[in-house]
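What you are looking at is a predicted structure, and each value in this text was computed from that prediction instead of being measured.
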Amino acid sequence: KFKLWQASQGAVPYLAALQTMAENIRRSETEKMSQKLQGLHEKEREAVDKLTRHIIDQLFRPIYYSMKADEGIDAKKSKIWALKNMFRLEPEYKRRLLGPGGGRAAQLNA
């Protein structure tokens with residue numbers, strides 16, 4: 001049971017990197033639309049912000065549940081590997097070590 005828990009913890013840095021990537025995309029796209037959103041009142045802009053955050057949360061929910069699923073170590077490692085390679089993720093701590101530009105893969109725009 002400990003080995004399974006330990007394997008699932010390997011997903012945390014990649015999930016954090018994916019969340020950072022999604023948030024960067026969300027902010028970037030919101031900024032691109034800022035001209036069109038200019039006529040909105042502050043409460044309406046806050047509602048748009050809340051809506052976009054909620055959409056991202058909903059998209060991540062199946063990923064989180066999948067990582068928590070009761071399955072073998074190999075299955076967990078396969079999911080982590082797939083997540084890492086599909087989105088070309090580097091964990092946060094590695095990006096800090098690489099310095100500017102060294103961890104650009106996790107900041108790709110969709």
Glu71 to Lys76 - nearest heavy-atom pair and separation: OE2-NZ, 3.5 Å

Can you get from Met21 to Tyr64 by hopping between Ile, Leu, Val, Met, Phe, Trp and Tyr side chains that sit under 4.5 Å apart? yes

Distance, nearest 0.5 Å, that separates CD of Glu44 from CG of Leu51: 13.0 Å

NZ-NZ distance between Lys84 and Lys77, expressed to the nearest 0.5 angstrom: 13.5 Å

What donor-acceptor contacts under 3.5 angstrom involve side-chain atoms of residues 53-61, with partners at least two apart or in another chain?
unit_1, atom_1, unit_2, atom_2, d
Arg53, NE, Asp49, OD2, 3.0

Minimum heavy-atom distance between Glu31 and Ser34, given as atom pair plus value: O-OG, 2.8 Å

Can you tell me how far the CZ atom of Arg45 sits from the OG1 atom of Thr30, to the nearest 0.5 Å? 12.0 Å

Do any pairs count as a salt bridge (charged side-chain N to carboxylate O under 4.0 Å, His left out) and have a residue in residues 11-22, sequence neighbours left out, and if so which ones? none

Between Lys43 and Glu46, does any side-chain N to carboxylate O distance fall below 4.0 Å? no

What is the minimum heavy-atom distance between Pro13 and Pro91, and which atoms define it? CB-CB, 3.5 Å

Please find the pair of heavy atoms, one from Ile63 and one from Leu15, that lie closest to each other, and give the distance. CG2-CD2, 3.5 Å

Side-chain contact test, heavy atoms from C-beta onward, threshold under 4.5 Å: evaluate it for Met67 versus Leu83 and give yes or no. yes

